[in-house]
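Step one of this worksheet: look at the structure below.
What's counted below: heavy atoms across the whole structure, side chains too, no hydrogens, waters or symmetry copies.
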Amino acid sequence: MTAASTSAPASSARADASTIALVGLAHGTSHFHHLLLAPLFPVFMRQFGLTYAELGLLVSAFFVVSGGGQALAGFVVDRVGARPVLFFSLGCFVLASLLASVAQGWGGLLAAALMAGLGNASFHPVDFTILNKRVSLARLGHAFSVHGITGNLGWALAPVWLIGVSEASGQWRLAYAASAAMGLGVMAVLWWGRAHVNDRPAEAPVGSPAAGQIAQASPAAQAGAAGTMAQEHPLAFLKLPSVWLCFSFFFWSTVALCAIQNFASPALGQLYGLPAAATAFVVTGYMLCGAAGMVVGG
């Protein structure tokens, strides 16, 4: 009795840490692919003769697919589970990198942007579903903090990775091949730890928070909860003022953030003649400071 009671919290802490780390890794990968194309915009302008308007359309295409898809992804996650959708999204990122590596012009880059947007569409529904179902309530604040920090670190890594590999090899296409290899590596790590990102409580390992929640819920309570959920319209959340306030906040903050992420590098290059390697660190520094703020806030 004593051994079981003392080992349970430790087991729960390890399970929480594993879930938080794996979800954080996946989230950082998704944010890396937000900037799959932007760091090499100056290269595309030289090689393909693209204008700022054409580059802006690539960014818009990514976020139209990603934003529209997120509204639908939550329903897909509820139906089939978060874990299968997670691996589908990572596969989209790998394919997006491969499409970028063989692009011959604006059309090829557009295909990469659309595929990356499709992969990104499901990430927040996937991540928050897994965290809420698998992480203990006492550690949810830490989980969401790590989730935000890893996203910023993914943003910080993208310019350094893409420009660094491109300049070191002299081949910008090799940078995207390396990104595809990185995506495959992340998929392998998540497959190895797939039990820790399983959001289906009935399949949760013994000792995990999700398994404990099932054990505590009586059949009558589960039936009552199911009846309550069945009576509620799937779009009932749209009546909540807090939903629209949060939407407005994230909408306008994302507008400003995208301007910095996607156009700081080429703009600084044209205004001050800075090399691409230097402008990459401007964006990376911005994201690292954002991550530091999240550490303090979390």
Side-chain angles (χ1 to χ4, degrees), residues 13-14 16-41 59 62-63 66 70 93 116 120 123-124 126-128 130-132 134-165 167 175 178-179 182-183 185-186 189-190 196-197 245-269 271-272 274-298:
R14 285 194 298 269
D16 284 352
S18 297
T19 297
I20 293 170
L22 290 171
V23 171
L25 175 63
H27 189 230
T29 304
S30 76
H31 276 233
F32 177 95
H33 287 84
H34 285 191
L35 300 181
L36 183 65
L37 301 179
L40 296 183
F41 275 177
V59 179
F62 172 90
F63 281 105
S66 178
Q70 284 201 35
F93 291 146
N120 185 65
F123 252 88
H124 282 165
V126 163
D127 291 353
F128 292 137
I130 294 173
L131 291 177
N132 277 303
R134 291 201 57 88
V135 176
S136 302
L137 183 61
R139 300 186 186 94
L140 269 181
H142 299 84
F144 293 144
S145 180
V146 170
H147 183 266
I149 291 166
T150 54
N152 266 42
L153 292 178
W155 278 333
L157 176 62
V160 175
W161 176 286
L162 293 168
I163 294 176
V165 174
E167 294 200 344
S179 297
M182 180 191 68
V186 171
V189 172
L190 286 165
H196 295 288
V197 293
L245 287 171
C246 289
F247 173 82
S248 178
F249 169 79
F250 282 107
F251 177 85
W252 292 110
S253 62
T254 300
V255 168
L257 181 61
C258 288
I260 295 172
Q261 288 178 330
N262 293 286
F263 295 106
S265 181
L268 290 171
L271 287 171
Y272 303 110
L274 296 177
T279 60
F281 284 105
V282 172
V283 178
T284 295
Y286 180 91
M287 296 307 163
L288 288 177
C289 288
M294 289 183 185
V295 171
V296 177

**Q.** Heavy-atom side-chain proximity of Val59 to Phe41 below 4.5 angstrom
**A.**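 Yes - at least one pair of side-chain heavy atoms lies under 4.5 Å apart.
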Could you measure the distance from the [atom1] atom of [X] to the [atom2] atom of [Y]? Nearest 0.5 Å is fine.
X      : Y      : atom1 : atom2 : result
Leu257 : Asn152 : CG    : CG    : 8.0 Å
His196 : Ile130 : NE2   : CD1   : 12.5 Å
Trp155 : Ser30  : CH2   : OG    : 8.5 Å
His34  : Phe63  : NE2   : CZ    : 5.5 Å
Leu162 : Leu157 : CG    : CG    : 8.0 Å

List for me each residue that meets side-chain contact (heavy atoms from CB on, under 4.5 Å) alongside [X], sequence neighbours excluded, and say none if there are none.
X      : value
Leu153 : Ile149, Leu288, Ala291
Val189 : Leu22, Leu25
Tyr272 : Leu268, Leu274
Ser248 : Trp252

Q.
Tell me whether Ser145 contacts the main-chain N or O of Gly141 through its side chain, where contact means a donor paired with an acceptor under 3.5 Å.
A.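 Checked: no pair found.
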Q. Is there a donor-acceptor pair under 3.5 Å between the side chain of Thr19 and the backbone N or O of Asp16?
A.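 Between the backbone of Asp16 and the side chain of Thr19 there is no qualifying donor-acceptor contact (under 3.5 Å).
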Q.
Applying side chain to side chain donor-acceptor pair (under 3.5 Å), can you list everything that pairs with Ser179, at least two apart in sequence or on another chain?
A. Trp161
Q.
Run the side chain to side chain donor-acceptor pair (under 3.5 Å) test against Ser66 and tell me which residues pass, sequence neighbours left out.
A.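 So Ser66 forms a side chain to side chain donor-acceptor pair (under 3.5 Å) with Asn120.
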**Q.** Minimum-distance pair of heavy atoms, taken over all atoms of Ala143 and Val135
**A.**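 Here Ala143 and Val135 meet closest at CB-CG1, 4.2 Å.
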Q) How would you list, by chain and number, every residue that makes a ring-ring contact (aromatic ring centres under 6.0 Å, His included) with Phe128, sequence neighbours excluded? A)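 For Phe128 the ring-ring contact (aromatic ring centres under 6.0 Å, His included) partners, ignoring immediate neighbours, are His124, Phe144, His147.
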Q. Which residues pass the ring-ring contact (aromatic ring centres under 6.0 Å, His included) test with Phe123, sequence neighbours left out?
A.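 Residues passing ring-ring contact (aromatic ring centres under 6.0 Å, His included) with Phe123: Phe93.
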Q.
In terms of relative ring orientation, are His31 and His27 parallel, tilted or perpendicular, with 30° and 60° separating the classes?
A. perpendicular
